[in-house]
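Atoms within a ligand are numbered from 1 in the order they appear, just like the ligands themselves.
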Amino acid sequence: MARLEGKVALISGGARGQGAAEAKLFALEGAKVILGDILDEEGKSTEAEIKAAGGDAKYIHLDVTSEQDWDKAVKEATSGYGKLDILVNNAGILLRKGIEETSAEEWDRIQDVNSKGVFLGTRAVIPEMRKVGGGSIVNISSVAGLIGSTSAAYGASKGAVRLLTKSTAVQYGPEKIRCNSVHPGLIDTDMVHDIFSNEERMSNRIAITPLGTFAEPKDVAFAVLFLASDESRFVTGSELVIDGGTTAK
Ligand SMILES: NC(=O)c1ccc[n+]([C@@H]2O[C@H](COP(=O)([O-])OP(=O)(O)OC[C@H]3O[C@@H](n4cnc5c(N)ncnc54)[C@H](O)[C@@H]3O)[C@@H](O)[C@H]2O)c1
């Protein structure tokens, strides 16, 4: 049996990058997938790719900072597929600036998308997961949510996601709603295209990575698949680091 057979999953930021890789893998493993994003064209083409491969997917416009958009996304899942079992809070934006270079507006924008977006998504899906007797929420944080970095607002937003994950796990464990965070290191997506397109920066990053390589979106997607599936039924409040060993040092 496929690993997500019979499950309905909502993935934010699913148009491209890691979110799209998760959507494709989830569909291959039998899930019905709703992918939400603000990049409508890319989202629709990811939906089409999944369908062409025989999967079941639907793209919807979802700005994770909008309560109304979250309500619509949850309704789309329940009216179209009858229920909601899985949420991947994957949408995120990066700001590579230190404390003195960051404006108050930039700070707010990063917290709004990366941290408040996760809160709004979590709050929106809990009632539906309660109705089906449980569920799995996977929050995409970062290694920047575990250790200090020069990206002040981004690190703070991802640290918030790490602890919101544990609060969700503690509060909703008795209702069998699990919640775990995932902490990727450098992954080859548009978000960090500038690093991957610069040979010197790439070789510096590889040099500090014990596994001596970089990761692709599917390396994160396989971990998210495990946490989303019932295989991880006793795992909640945990943090799964996918960084080639960088933060082990
Ligand atoms: N790429 C990396 O090296 C890396 C490392 C650690 C963590 N992450 C995290 O992984 C997640 C996925 O990022 P990615 O690497 O695939 O980058 P990406 O830029 O390709 O994907 C991010 C997606 O989020 C969407 N998004 C941005 N703002 C949104 C909003 N307001 N509402 C809905 N969607 C929105 C984007 O449109 C995009 O599709 C992010 O949370 C990111 O912070 C990335």
Are Arg96 and Val192 close enough that some pair of their side-chain heavy atoms sits under 4.5 Å apart? yes

Is the shortest side-chain heavy-atom distance between Val64 and Leu120 below 4.5 Å? no

Report yes or no: do Asp37 and Tyr59 form a side-chain donor-acceptor pair below 3.5 Å?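 Result is no, nothing qualifies.
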
Scan side-chain atoms only and decide if Ser238 and Asn180 contain a donor-acceptor pair under the 3.5 Å cut-off.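 Yes, side-chain donor-acceptor contact under 3.5 Å.
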
Under 4.0 Å from a heavy atom of [X]: which atoms of ligand 1 are those, numbered in the order shown and with their elements?
X      : answer
Gly17  : 16 (O), 20 (O)
Leu39  : 37 (O), 39 (O)
Ile93  : 27 (C), 28 (N)
Ser141 : 7 (C), 9 (C)

For [X] and ligand 1, does the shortest N/O to N/O distance drop below 3.5 Å?
X      : value
Leu186 : no
Lys158 : yes
Ala15  : no

Is it the case that the side chain of Glu22 and the backbone of Gly14 share a donor-acceptor pair, with hydrogens and angles ignored and the cut-off at 3.5 Å?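 Not at all, since once roles are kept as given, no pair shorter than 3.5 Å links the two residues.
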
Any donor-acceptor pair under 3.5 Å from Asn90 side chain to Ile11 backbone: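 Pair absent, no side-chain N/O of Asn90 close to backbone of Ile11.
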
Going by an N to O cut-off under 4.0 Å, is there a salt bridge joining Asp112 and Arg109? no

Give a yes or no on whether a salt bridge exists between Lys7 and Glu29, defined as a side-chain N under 4.0 angstrom from a carboxylate O.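 Looking at Lys7 and Glu29, the cut-off is not met.
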
In the protein, what heavy atom is nearest to [atom], and what distance, to one decimal place, separates them?
atom                    : result
atom 22 (C) of ligand 1 : Gly92 O, 3.8 Å
atom 43 (O) of ligand 1 : Tyr154 OH, 2.6 Å
atom 33 (C) of ligand 1 : Leu62 O, 3.0 Å
atom 18 (P) of ligand 1 : Arg16 NE, 3.5 Å
atom 39 (O) of ligand 1 : Asp37 OD2, 2.6 Å
atom 14 (P) of ligand 1 : Thr189 OG1, 3.4 Å
atom 34 (N) of ligand 1 : Ala91 CB, 3.5 Å
atom 40 (C) of ligand 1 : Asn90 O, 3.2 Å

Going hydrophobic residue to hydrophobic residue with side-chain gaps under 4.5 angstrom, can you get from Leu35 over to Val182? yes

Hydrophobic cluster membership, with links at side-chain heavy-atom distances under 4.5 Å among I/L/V/M/F/W/Y: are Phe222 and Ile140 in one? yes

Proximal candidate to atom 5 (C) of ligand 1 [heavy atom criterion; set Pro217, Gly185, Ser142]: Gly185

Nearest non-hydrogen atom to atom 31 (N) of ligand 1 belongs to which of Asp63, Ile11, Asp243, Val88?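 Considering heavy atoms of Asp63, Ile11, Asp243, Val88, the nearest to atom 31 (N) of ligand 1 sits in Asp63.
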
So which bit of Val192 gets within less than 4.0 Å of ligand 1, heavy atoms only: side chain, backbone, both or neither?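 It is the side chain that gets close, since no backbone atom is under 4.0 Å.
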
So Glu47 and Lys44, salt bridge (charged side-chain N to carboxylate O under 4.0 Å, His left out) or not? Walk me through it. CA-CA 5 Å; Glu47 174 195 305; Lys44 281 178 195 151; over 6 Å; no

